[in-house]
2 protein chains.
Amino acid sequence: MASIKDVAAAAGLSVATVSRVLNDHPSVSPDARTRVLAAVEALGYRPNAVARSLRTDQTRTLGLVISDVMNPYFTELARSVEEEARALGYSVIIGNADERPDLQDHHVTTLLDRRIDGLLVSPTDGGSPRMLDAARAGTPMVFVDRWIPGVDVPVVRSDGQAAVRDLVTHLHRLGHRRLAIIAGPAATTTGRERVDAFRAALREHGLELPEAYIGQGDFQAESGRRVTEGFLDLPEPPEVVFAADNLMALGALDAVRARGLRVPDDIALAAFDDIRWFVHTDPPVTAIAQPTGELGRAAVRALVDRVEGRPGESVTLPARLVVRRSCGEPDPAPPPSPVRRSTS
Amino acid sequence: MASIKDVAAAAGLSVATVSRVLNDHPSVSPDARTRVLAAVEALGYRPNAVARSLRTDQTRTLGLVISDVMNPYFTELARSVEEEARALGYSVIIGNADERPDLQDHHVTTLLDRRIDGLLVSPTDGGSPRMLDAARAGTPMVFVDRWIPGVDVPVVRSDGQAAVRDLVTHLHRLGHRRLAIIAGPAATTTGRERVDAFRAALREHGLELPEAYIGQGDFQAESGRRVTEGFLDLPEPPEVVFAADNLMALGALDAVRARGLRVPDDIALAAFDDIRWFVHTDPPVTAIAQPTGELGRAAVRALVDRVEGRPGESVTLPARLVVRRSCGEPDPAPPPSPVRRSTS
DNA sequence: ATCCCTCGTGTAATCGATTCCACGAGGAGG
DNA sequence: CCTCCTCGTGGAATCGATTACACGAGGGAT
């Protein structure tokens, strides 16, 4: 592969001049410029980003460590992150932690070894030691979706409290009183917060959240299935199951289906995180939608600010409730079927 | 950040010795080894992968350029690719082309600039010029899922022909005769092949595939919606719509729903690519499942073979039909509802 | 005792870029 | 005509690693 030396030789100039042309430095003659460009063209030369990074000590690359790529929420987040980063002239390397602390640590380590300019993290647990070291050492870093209390790093996330309250109000109005939640791992902020918000909202309606109605999940579908089975085995099963993410809702749907029960007639279901498929599930699932794309973009902007020496601020965006049929109410925007028309 | 020089100084040895310890070169004394290791520990030293790559001319990184991360099929592929690569000691940088040739070219270019050791591509169109150059220049490369005819690069893909034949047989047996397809872009192999396989299978049953029943999609949900609306507007709409990927099936579902029609009563639906959500859609969608994980792993093995100087072979794995209810037959594994039991 | 190997180590070249500094040519101003 | 700038250019140091080569010490064989 042609190097800058080959270009210099072909153009009959020094590497310094070639480099100047390539970085359009002002002081280079038009003649030299055209000769260099011609040589570049002729050789199909492309600068070696590795060498350049070594010299300039910047890779123009951001690392993104997410909890689970298979989760549509994170996929969308990753996508918007890459888009915004590209717009700002950065590349993104994604590390998938699969909700496993050891994998998270692995990815943080390799990203740091590659000397990425900044790190975007959605921590799986309390945070890998390597990550905390990096944060302390001043590596530009931003938490997205989840964060770690006590670490001085901007946080870009969405606040679901109001939406959860709306959800509980909605459920209460439908007559549901026994509400259960499939929680995320207590080690994650989102895991804790969603339970807290749910409990607080229940209290506002004079309802309790008994221990038996808090199932411990891990944000993966399988745990949603397992927890839901536990709920169904209870002497007094809940009337509603609220899954703290979309995958656990999928697992819950699996469990309900396996018993031959129906949603919402036998048990109602709601989920945190809205995804396209929820429109087409049987029944369509009521969910709390985060402004995922905006979250990803805001996180990148905050991180790039830090990388380039500007402050870089935390951002909190509101989530909102999207009512569908999985909790019992008819779809608010029913298809134009002129047959039945039930007025609530 | 501490460099190898700092470690050498701290250990009272030369950088050469430090390097030898780090790469466990045989000729280094136990004493030196312990001193180096102690210094590494004390300084929290981590080798600079950028510098190492420059010197050794290898990055231990693979590039993966996929057509669309938001498509669960590709997400799963990406995940298995990363897993296998990690097991083999490589990292993966993912580039999302979003079915756009210009983006594909952008990612190929930046990956090549970073001097990745090998490239895994699922080409969006006929292939970006940069990619073809790289292939010709001998950059280790493997096509996965889709490929480009006439380019001498191993291909790892799945063959859906038999499964499509099974699907058509299934549909025929259910009494369907007017079958339509939402095709993928003609520039992609998967786009063409699926139509060809469908047409061939129809012919085996003495059926035609009229032009009006071939809708041109682009593997994105929106195109599936648009094409399906066209089908429904036909004087004689098809009885079955076969979507060439899961996202277009989602769009088709959108279109059918918007008209207030039902699947499969009013129109049947089937899709290429099986995903978890198809179990829970209304109704569950009959689909052709690819061995996605195995595809990703095989592709990485083939690519790493090439990177490390071994041959690296093409692999073709069979897809299989998964029958659900969207074409009219009852679910083959119904939930334990002891009521109806139809023997085919 | 001499020679030769092996072993452990250090010096320095190298990878491909960027950039500081020096230098010569040419123009402007005195 | 001399001085001083500015401009375009090249030489060489540098980033942080790896590795060829050189070298001295020590042990075994003769």
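Owing to the predicted nature of the structure, the values given are computational and were not obtained by experimental measurement. Chain letters run A, B, ... following the sequence lines, proteins first, then strands; residues in each count from 1.
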> How would you label the contact of A/L22 with the nucleic acid (heavy atoms, under 4.0 Å): base, sugar-phosphate, or nothing?
Replying inline: nothing
> How many Å lie between NE2 on B/H25 and C1' on D/dT18, as a whole number?
Replying inline: 11 Å
> In Å, rounded to the nearest 0.5 Å, how long is the span from CZ of A/R114 to OG of A/S53?
Replying inline: 11.0 Å
> What's the closest nucleotide to the A/R52 side chain, out of C/dT18, D/dG16, C/dG16?
Replying inline: C/dT18
> Would A/Q104 and A/D125 count as having a side-chain donor-acceptor pair, cut-off 3.5 Å?
Replying inline: yes
>> Please classify the nucleic acid contact of A/S27 as base, sugar-phosphate, or nothing, using heavy-atom distances under 4.0 Å.
In response: base
>> Please determine whether a side-chain nitrogen of the Lys or Arg among B/E99 and B/R146 lies less than 4.0 Å from a carboxylate oxygen of the Asp or Glu.
In response: yes
> To the nearest angstrom, how far is B/D24 atom CG from D/dT19 atom C1'?
Replying inline: 15 Å
>> Does either side chain, that of A/S91 or that of B/T110, offer a donor lying less than 3.5 Å from an acceptor on the other one?
In response: no
Can you tabulate the close N/O pairs, meaning under 3.5 Å, that link protein atoms to atoms of nucleotides 11-15 of chain C?
unit_1, atom_1, unit_2, atom_2, d
C/dT14, O2, B/R55, NH1, 2.8

>> Under 4.0 Å, heavy atom to any atom of DNA chain C: which of residues 29-38 of chain A qualify?
In response: none
>> What's the closest nucleotide to the side chain of B/S19 if the choices are D/dT9, C/dA17, D/dT18?
In response: D/dT18
> Side-chain contact, heavy-atom cut-off 4.5 Å: A/F143 with A/P123?
Replying inline: yes
> Heavy atoms under 4.0 Å, any strand shown: does A/D57 hit a base, just sugar-phosphate, or nothing?
Replying inline: nothing
> Between B/E82 and B/R79, is there a salt bridge with N-O shorter than 4.0 Å?
Replying inline: no
> Heavy-atom contacts under 4.0 Å between residues 105-113 of chain B and DNA chain C, which residues?
Replying inline: none
> A/L13 has an atom CG; how far is it from atom C1' of D/dG8, in whole Å?
Replying inline: 10 Å
> Quick one: B/N48 CG to D/dT14 C1', roughly how many Å, whole number?
Replying inline: 14 Å
> In whole angstrom, what separates B/N23's CG from D/dG16's P?
Replying inline: 17 Å
> Any salt bridge between A/D113 and B/R46, counting N to O under 4.0 Å?
Replying inline: yes
> Under a 4.0 Å N-O cut-off, is there an ion pair linking B/R306 with B/E313?
Replying inline: no
>> Could you measure the distance from the CG atom of B/D57 to the CE atom of A/M1? Nearest 0.5 Å is fine.
In response: 9.5 Å
> Whole-Å distance between C/dG16 C1' and B/R115 CZ?
Replying inline: 9 Å
> Under a 4.5 Å cut-off applied to non-hydrogen side-chain atoms, are B/I148 and B/M131 in contact?
Replying inline: yes
> Which distance, rounded to the nearest 0.5 Å, do you find between the CD1 of A/I66 and the OG1 of A/T75?
Replying inline: 6.5 Å
